[in-house]
Structures are given as C-alpha cells and as structure tokens.
Amino acid sequence: MEENRIQKKDIASYSYEELISEMEKIGEKPFRGKQIFSWIHEKLADDFLKMTNLSGAFRKKLDCLYEVPKVQMVARQISKKDPTEKFLFELVDGSMIESVLMKYDYGNSVCISSQVGCRMGCRFCASAIGGLERNLMPSEMLGQVYQIQKLTGERISNVVIMGTGEPLDNYDNFLKFVRLLSDEHGLHISQRNITVSTCGIVPNMKRLAEERLQITLALSLHGSNQEKRKMLMPVAGRYELSEVMRACDYYFEKTGRRPTFEYSLVKGVNDGEEDARELIRLLRDRNCHLNLIPVNPVKERGFERPERKNALAFKNKLEKNGINVTIRREKGSDIDGACGQLRRRYADAKKER
Ligand code: SF4
C-alpha cells in the first residue's frame with residue numbers, strides 16, 4: 001500500500017492537546033496551539049497565510065515545519081432530482097476521493113470517504129473494484145467536511161462515514177477524526193450526529209464499543225445468513241455472522257446506542273421470501289433499526305435494483321413482524337449515486353486522455 005506523500009508534518013491531524021504540546025516543543029507558548037487549532041478546525045483555514053493573528057515570522061516558521069494537507073475540489077455534480085451534491089476531491093498525492101452532501105429537513109449531512117479505494121471487495125460496490133490504494137489521514141477525512149461547508153456556505157450538522165473505504169480498517173485515523181470533528185474547540189459536531197458504517201470487522205467493533213463514544217454504529221448486513229453474506233461480502237469469510245451480531249450487541253451494551261443495520265436490496269439475490277423470514281429471525285429480538293437500500297446498479301457487477309413495489313412488499317413483511325424498518329430514499333441517482341462511481345469514471349476518462 002502506498003503511503004500518503006505529505007512531506008511536512010500534518011498539523012491538521014493533531015488533537016487539541018497534542019497541538020498545544022507540539023508548540024511547546026518548538027519553543028512557542030501553549031496558547032499558540034489553541035490559536036492554530038481554532039484557525040484550522042473552527043474557522044476552517046487551510047493556509048497559514050490566512051491565520052492573521054499570528055506574526056509573519058511565526059507563520060513562516062509554521063510553513064517550514066507543517067502543512068494543512070489540501071483537499072481540493074476537482075468536480076462537483078448537483079442532482080436535478082434531489083437536494084444532493086457529489087464532490088470529487090484531489091489529495092496532495094493526486095489521489096481522488098468522493099464525498100456527498102445531502103440536505104434534509106433536519107439539517108445537512110455529509111457522507112465522507114475513509115480510504116482511497118477499499119480492500120473489502122463487497123460484490124455490489126464500485127469502490128471495491130480497484131482495491132485499496134491507501135488510508136486517509138484524519139485531516140483528509142475532516143477536509144471533506146470542511147471543504148463542503150466552505151464551498152456551499154451551509155452548516156454541516158451530520159456526518160456519515162459511509163463513502164469509499166472501510167473506516168474500521170483505518171481504525172486509529174478514523175477514531176482521531178471522530179474526536180477532532182466533535183471537539184468543542186473545533187466544528188463541535190455532536191457525536192450523536194455521526195454514524196460509522198462497517199462491513200463487520202469484529203475486533204475493531206469491540207474496540208470501538210470500549211471507547212464508549214456516542215456515535216451510531218451501522219452494520220452493513222446485506223445477507224440474512226452466513227452463506228449469503230459470504231457470497232456478497234468476502235469479509236464474511238473471516239467473521240461469522242453470529243460473531244458480528246454479538247459485536248453489535250456488545251456495542252449497544254457499552255454505549256447504549258441502538259445499532260443500525262444496512263441491507264442493500266439486490267434483485268433476485270437477497271430480496272426473496274426466505275430472505276425476509278431470516279431477517280425477521282435475526283433482528284426481531286434486537287433493539288435496532290433496519291435500512292433497506294435498493295442497490296444502485298453497478299454496471300461492472302451486473303446487479304440490478306428490485307422494482308419499487310417488490311421493495312415495498314419486502315419492507316411490509318418485516319414491519320408486520322415488528323422490525324423497525326425504512327427504505328432509504330434513493331438520492332442522487334442522476335449523479336453517479338453509488339460511492340466510487342464518479343471516481344472511477346474520472347479515472348477512466350483520465351486514462352483515455
Ligand atoms: S461497501 Fe464499503 S466496505 Fe464494502 S467494498 Fe464498498 S467501500 Fe468497501
């Protein structure tokens with residue numbers, strides 16, 4: 001795996017306390033750390049030149065030692081159907097990542113990527129096609145939220161880590177990102193408004209439970225039994241469904257946060273009568289929520305979305321059996337909706353040039 005090519009120290013990935021002690025290490029007063037943290041994480045400055053209450057000499061010193069890694073927009077697609085926008089960002093090493101802004105009545109939500117590519121290989125996912133290129137730094141995850149807030153001028157209140165990548169495969173950086181995003185000296189997004197999606201990396205789900213954060217854990221379930229899950233998600237070969245479910249229960253026990261289960265509905269693959277029955281058996285005694293997501297077609301994979309009426313019938317069956325379920329409203333289908341699609345299309349176009 002290629003490492004990120006940031007040459008100077010990544011100052012935007014330091015925690016509040018780390019930044020204060022880092023300033024002391026370079027012979028500066030601790031309050032300098034507080035000032036810089038506020039510039040980066042509250043005022044969203046990505047350049048030392050913009051930090052106008054710091055002296056010119058100090059800004060020069062900072063510039064020699066550190067950088068705020070750039071997350072630069074290269075494409076923006078605005079949906080004509082929904083209040084949804086997709087952004088393609090370029091990182092300092094030329095890597096491309098995608099993020100999505102969705103506007104709801106309750107506020108603006110941003111879906112971010114946690115890795116460049118992904119090695120989990122889920123069959124229905126466009127992000128998995130090229131494999132994993134590298135992990136994102138905390139600053140690069142934050143940069144997606146900060147850039148979207150700056151570009152749109154709209155306050156972001158919710159963040160979901162459900163874009164390209166498996167966040168728990170980039171555990172330490174992901175955890176730091178959550179702490180920075182919810183830090184009271186920064187953007188201060190409530191942990192209750194942050195959702196992390198995992199395909200079920202059991203040891204890290206348990207570690208996360210022990211952190212006792214207030215974020216929501218969303219498990220990508222997608223199959224109602226071990227065999228079906230294994231067929232759709234190679235990671236299921238490593239962790240049995242029963243183990244994954246126990247890890248979800250453990251998360252609930254430690255945090256008091258009800259887990260969410262994500263289930264991509266794929267026509268003829270996991271949307272049948274037996275699938276509904278198994279899902280009911282799996283979830284009915286759990287305090288949880290189930291999101292059904294009619295799959296975004298991925299042409300490389302040949303998966304199709306079930307018809308609306310079939311998806312509704314599937315949902316009704318579950319609901320009648322006491323499952324708390326919603327069909328996630330399809331958003332941005334006209335703007336390369338599935339994560340990874342815009343990035344792939346951009347990469348293909350670059351190759352053809
Ligand atoms: S669905 Fe998520 S975990 Fe699975 S391959 Fe795609 S990005 Fe990775």
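The model shown is predicted, which means the values in this text are computed figures rather than measured ones. Along the sequence shown, residues are numbered consecutively beginning with 1. Whatever order the structure lists them in is the order used to number ligands and atoms, beginning at 1.
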Ligand 1 atoms nearer than 4.0 angstrom to some heavy atom of Cys118 are 3 (S), 5 (S), 7 (S), 8 (Fe)

Atoms of ligand 1 less than 4.0 Å from Gly121 heavy atoms?
5 (S)

Between OG on residue Ser182 and CG on residue Leu213, distance to nearest 0.5 Å
7.5 Å

Is the distance between atom 6 (Fe) of ligand 1 and the nearest N/O/S atom of Cys199 smaller than 2.8 Å?
no

Restricting to N/O/S atoms, is Cys122 within less than 2.8 Å of atom 8 (Fe) of ligand 1 or not?
no

If the cut-off is 4.0 Å to any non-hydrogen atom of Gly165, which atoms of ligand 1 fall inside it?
2 (Fe), 7 (S)

Using the test ring pair (Phe, Tyr, Trp, His ring centres under 6.0 Å), find all partners of Tyr16 that sit at least two apart in sequence or belong to another chain.
Phe37, His185

Results of ring pair (Phe, Tyr, Trp, His ring centres under 6.0 Å) for Phe31 - residues two or more places apart only
none

Atoms of ligand 1 under 4.0 Å from any heavy atom of Met120, numbered from 1 in the order shown, are 3 (S), 8 (Fe)

Hey, are Glu67 and Lys8 close enough for a salt bridge, meaning a charged N less than 4.0 Å from a carboxylate O?
no

Would you say Glu211 and Lys254 make side-chain contact, with heavy atoms under 4.5 Å?
no

